[in-house]
*Asks:* 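Take a look at the following structure, please.
Only heavy atoms go into these numbers, but all of them, side chains included; no hydrogens, no water, no symmetry mates.
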Amino acid sequence: MIQVHLPDGSARELEAGSSAADLASQIGPGLARAAVAAVVDDEVCDLSRPLSDGAQVRLLTKRDPEALEILRHSAAHLLADAILRIFPQAQLAIGPVVEDGFYYDIYMPDGSITPEAFPQIEAEMKRLAKESHAFERCQVADKDADEAFARYRAIDGGHNKFKHEIVQDIEARGEEITLYRHGEFVDLCRGPHVPNTGWLKFAKLTAVSGAYWRADADREQLVRVYGTAFFGKGELKEHLHRLEEARKRDHRMLGEQLDLFHFEEEAPGFPFFHAKGATVFNLLVDTMRNLLRRRGYFELKTPLVLSEKLWHVSGHYDNYLENMFFTKLKLRDEKDAATIHDNVEEQRPMALKPMNCPGHVLVYKDRNHSHNEFPLRFSEMGLVHRRELSGVRHGLFRVQAFTQDDAHHFCTPEQIGDEICMLIDFFREVYGLFGLDDVRIELSTRPEKSLGSDEIWDQAESALQGALDAGGIEYQVNEGDGAFYGPKIDFHIRDVLKRSWQCGTIQLDFSMPDRFGCTYVGADGAKHTPVMIHRACYGSVERFLGILIEHFAGRFPTWLAPVQVLVIPVSAKFIEYAREVHEQLLDADVRTEVNLKDDRVGYKIREASLQKLPYVIVVGERETENRTVSPRSRDQGELDEMTVAAFLERLTEERA
RNA sequence: GCCGACGUAGCUCAGCUGGUAGAGCAGCUCACUCGUAAUGAGCAGGUCGUCCGUUCGAAUCGGAUCGUCGGCUCCA
């Protein structure tokens, strides 16, 4: 007999050689059915693995996050099995689990795998799942003698150099080779797996893309087939529904449908905001301006183009060159006007600002400062340009020019803690305005490419950490992900679809004030170097707008809607009254339009609904006579006839 | 940047194996004067992303290029 320990502190007696599966059935039939795998002495392993005496055992069921990974990894095996049946020439590379599912990288010496083949592959996977083959772990003691290994070698033709490479690596590390078999299929794998393929009924292939062997562009091109798997039909359906919902909310599509912005081939990654998009954009900016003013910020406006020399001083030239746009001069030949000299060497080469900080430093340096005016807070809705690799541009989320709601605090080292705490409260309040209350905070530390001594970095990192700890704020640490001039705190917010977006950032900087020779006069009458805090709350206004479009699915709350009310006359006879109502709304600062086109009321309402306008107002004979309006709310449908004053009151309540 | 797919009217898309482009919506005009998600009729609209090539002939085939979309930390 052996004894094993359970997480609740209790112990169980089992016959020698018993497995975790035996333990589960001893505890109860329900658990025996629900158990997926086990954690034995902190190692995740198969249910069938024999337990040793004194082991600490935790059984995993579908509720445990580890279990979902195991399920998905098993599904990757099933995918590989199915693919080999349909494409016998395929060679398997690797098949790991990723955030929302799994993938398998496959080498196709001829042909390819396209989404058209998905139904066939999925049908094969479903069949294999129904057959409920047990996953069997095989340890390979001697490759040449082992029967399972011989089968494994034969499984995709015996010439699979990818697996061969992996086996060599494992042997080089002196580790044991293990295989997993289900039915006829054998794959090199560390495991663990679900007990049998019967668990894998709810799998779905989602995408196919290219990838390289070992992520090396010089190595073989592989086909990466993505899929996902869940324990139950409901969860799979919900996941697919969420993907569909995210697709429908795509801000690039809504941006076009709602006439908010567009992109041009002539200006890749530079959005053109239309009137409605610009309205929302400006509302975001105005909202922020008010909040900043109440917190004692001074708003600046600094140039877009500054000399290259300045970027040498700031360190951007050495650390950020690849992301910067530089000006390039062209000159007409003095003698021949038709000849243009390209790439003319400029005496003072210029660059577009990728960040606002050096500009703010120059404003700071324009006069002397005293500790009495600290913390000094300079803000700017700063338009910055950053070059991005062509493949990473993405709607408003990744552009090449964007507006930062940027600010820099100049303060003494002692003031850092209070400033950080103020900012954390401030940022949370801002996100709350949009119903974005799920905020996660991350602390990022020194990256490889960076400025300043270890001592300064340690000081800065502990200052941030100290402020977070003192405020009792929960956060996680991101090693090596800081800015090149200092460590930072990032704010990640979850939208209504539970997707996470990085928005706000607070960055500590001990080196830029020093490089630029910024000083202040302290209480001791001597000159000191101030600390600089870089911070942005929306991050990029463009990107934040994109997030809001998706968060609200284009249905902006009334206070943020580009057009709040559309006035519609029932027919041409009531145009005059419609105009009058429109004017009254305009006078009350409502963003309103009037639709006087020669169309049916129903048609105009449909148009307004598709534009997701919060309100339409219909006026006809009744309203003209009674001096009233009949509103229809986007969210509540048709409302009762009311006076314009009553309608305005309703709007005011909503706008507050 | 790399890999893959895609690029036809303002939008969504059709156009088989090469023979000179089509629909719906939007737009415009006219009629209807209309009560809460599409009134009807007519008109107009395209160097088929761009360049080069193959061909008697290219939206269609080949190459390059630009752009868009998806993917590119994940190492059994």
Side-chain angles (χ1 to χ4, degrees), chain A residues 69 73 76-77 80 92-99 101-105 112-116 140 152 162-171 173 175-180 187-193 206-226 247 250 252-253 256-257 259 262-269 322 387-395 480-481 566 568-575 597-611 613 615-623 630-634 637-639 641:
Chain A
E69 284 186 20
H73 187 205
H77 278 237
L92 304 175
I94 55 164
V97 169
V98 288
E99 198 177 331
F102 60 88
Y103 67 77
Y104 217 114
D105 278 350
S112 187
I113 299 173
T114 60
E116 279 91 81
V140 180
Y152 155 68
F162 309 104
K163 294 292 188 189
H164 182 69
E165 229 181 279
I166 297 165
V167 169
Q168 280 184 327
D169 289 353
I170 295 168
E171 287 179 328
R173 289 199 301 265
E175 289 170 18
E176 196 175 32
I177 294 170
T178 56
L179 303 172
Y180 272 80
D187 196 3
L188 188 64
C189 182
R190 183 193 287 146
H193 284 286
T206 50
V208 56
S209 83
Y212 296 108
W213 173 238
R214 311 236 145 162
D216 181 346
D218 296 326
R219 300 293 304 268
E220 290 78 1
Q221 172 72 43
L222 308 172
V223 181
R224 180 168 293 180
V225 179
Y226 285 87
R247 202 187 56 73
D250 191 318
R252 293 167 297 185
M253 214 178 66
E256 191 177 305
Q257 282 170 8
D259 196 19
H262 89 277
F263 286 90
E264 285 287 328
E265 199 166 317
E266 310 299 331
E322 291 79 7
R387 291 185 48 161
E388 295 288 355
L389 296 176
S390 64
V392 304
R393 295 194 294 249
H394 182 98
D481 218 21
L566 176 70
I568 301 174
V570 171
S571 79
K573 282 186 271 182
F574 314 108
I575 282 181
K597 281 191 282 187
D598 186 17
D599 286 316
R600 299 278 190 284
V601 182
Y603 184 75
K604 291 181 182 179
I605 285 175
R606 181 185 147 80
E607 267 185 332
S609 300
L610 293 174
Q611 288 295 304
L613 307 189
Y615 287 100
V616 296
I617 276 179
V618 176
V619 292
E621 193 169 358
R622 220 167 42 234
E623 291 79 8
S630 291
R632 178 194 173 91
S633 144
R634 176 185 65 196
E638 210 174 328
L639 305 176
E641 190 180 337

*Asks:* Counting any heavy atom closer than 4.0 Å, what does A:Ile94 reach on the DNA or RNA strands: base, sugar-phosphate only, or nothing?
*Replies:* sugar-phosphate

*Asks:* Looking for any heavy atom pair under 4.0 Å, which part of the strands does A:Val392 touch: base, sugar-phosphate only, or nothing?
*Replies:* base

*Asks:* With both distances under 3.5 Å as the test, what is the Watson-Crick or G-U wobble partner of B:G27?
*Replies:* B:C43

*Asks:* Roughly how many Å apart are B:G7 and B:A59, using the C1' atom of each and rounding to a whole number?
*Replies:* 11 Å

*Asks:* Which whole-number value in Å describes the distance from A:Lys597 NZ to B:A38 P?
*Replies:* 16 Å

*Asks:* Is any side-chain nitrogen or oxygen of A:Arg632 closer than 4.0 Å to OP1 or OP2 of B:U36?
*Replies:* no

*Asks:* Using atom CD of A:Glu623 as one end and atom C1' of B:G35 as the other, report the distance to the nearest whole Å.
*Replies:* 8 Å

*Asks:* Over all strands shown, is A:Glu256 touching base, sugar-phosphate only, or nothing at heavy-atom distances under 4.0 angstrom?
*Replies:* sugar-phosphate

*Asks:* May I ask you to verify whether the side chain of A:Asp598 and the base of B:C34 hold a donor-acceptor pair under 3.5 Å?
*Replies:* yes

*Asks:* Mind checking if A:Arg393 touches a base, just sugar-phosphate, or nothing, with heavy atoms under 4.0 Å?
*Replies:* sugar-phosphate

*Asks:* Now, which nucleotide makes the Watson-Crick or G-U wobble pair with B:C61, with each of the two distances under 3.5 Å?
*Replies:* B:G53

*Asks:* Are the charged groups of A:Glu322 and A:Arg387 less than 4.0 angstrom apart, N to O?
*Replies:* no

*Asks:* Looking only at non-hydrogen atoms, find the nearest pair between A:Ala76 and A:Tyr104 and report the distance.
*Replies:* O-CD1, 3.3 Å

*Asks:* Could you tell me how far B:G18 sits from B:C13 if I compare only their C1' atoms? Round to whole Å.
*Replies:* 22 Å

*Asks:* Considering only the P atoms, how many Å lie between B:U50 and B:U8, rounded to the nearest integer?
*Replies:* 10 Å

*Asks:* Calculate the interatomic distance between A:Asp259 atom CG and B:C25 atom C1'; express it in whole Å.
*Replies:* 16 Å

*Asks:* Provide the distance between the two P atoms, one in B:A26 and one in B:A38, to the nearest whole Å.
*Replies:* 12 Å

*Asks:* Give a yes/no on whether any side-chain N or O of A:His394 is located under 4.0 angstrom from OP1 or OP2 of B:G70.
*Replies:* yes

*Asks:* Without decimals, in angstroms, what is the distance between A:Gln168 CD and B:A76 P?
*Replies:* 14 Å

*Asks:* Does A:Arg190 make a side-chain donor-acceptor contact with the base of B:C75, cut-off 3.5 Å?
*Replies:* no

*Asks:* Determine the interatomic distance between P on B:G22 and the same-named atom on B:G35; round to the nearest Å.
*Replies:* 39 Å

*Asks:* Within the 4.0 Å heavy-atom criterion, would you say A:Asp105 contacts the bases, only the backbone, or no part of the nucleic acid?
*Replies:* nothing

*Asks:* Do the side chain of A:Lys604 and the main chain of A:Lys597 share a donor and acceptor less than 3.5 angstrom apart?
*Replies:* yes

*Asks:* Partner of B:G4 by Watson-Crick or G-U wobble geometry, both contacts under 3.5 Å, or none?
*Replies:* B:C69

*Asks:* Which part of the nucleic acid, if any, lies within reach of A:Phe263 when heavy atoms closer than 4.0 Å are counted: base, sugar-phosphate only, or nothing?
*Replies:* nothing

*Asks:* Counting any heavy atom closer than 4.0 Å, what does A:Glu176 reach on the DNA or RNA strands: base, sugar-phosphate only, or nothing?
*Replies:* base

*Asks:* Using a 4.0 Å heavy-atom cut-off, does A:Gly602 contact any base of the nucleic acid, only the sugar-phosphate backbone, or nothing at all?
*Replies:* sugar-phosphate

*Asks:* Between B:U17 and B:U47, how many Å separate the two P atoms, rounded to a whole number?
*Replies:* 25 Å

*Asks:* On the nucleotide B:G70, are OP1 or OP2 found under 4.0 Å from the side-chain N or O atoms that A:Arg247 carries?
*Replies:* no

*Asks:* Just to confirm, is there a sub-4.0 Å distance from OP1 or OP2 of B:A76 to any side-chain nitrogen or oxygen of A:Lys163?
*Replies:* no

*Asks:* Is A:Glu621 atom CD crowded by more than 12 heavy atoms from other residues, nucleotides or ligands, each under 6.0 Å away?
*Replies:* no

*Asks:* Roughly how many Å apart are B:G15 and B:C28, using the P atom of each and rounding to a whole number?
*Replies:* 31 Å

*Asks:* If you take all heavy atoms of A:His193 and A:Tyr180, which pair is closest and at what distance?
*Replies:* CD2-CD2, 3.2 Å

*Asks:* Hunt down the Watson-Crick or G-U wobble partner of B:A37, both distances under 3.5 Å, from any strand shown, or write none.
*Replies:* none

*Asks:* Between B:C74 and B:A14, how far is it from one C1' atom to the other, in whole Å?
*Replies:* 41 Å

*Asks:* Has A:Glu165 got a side-chain atom pairing as donor or acceptor with A:Phe162's backbone, closer than 3.5 angstrom?
*Replies:* no

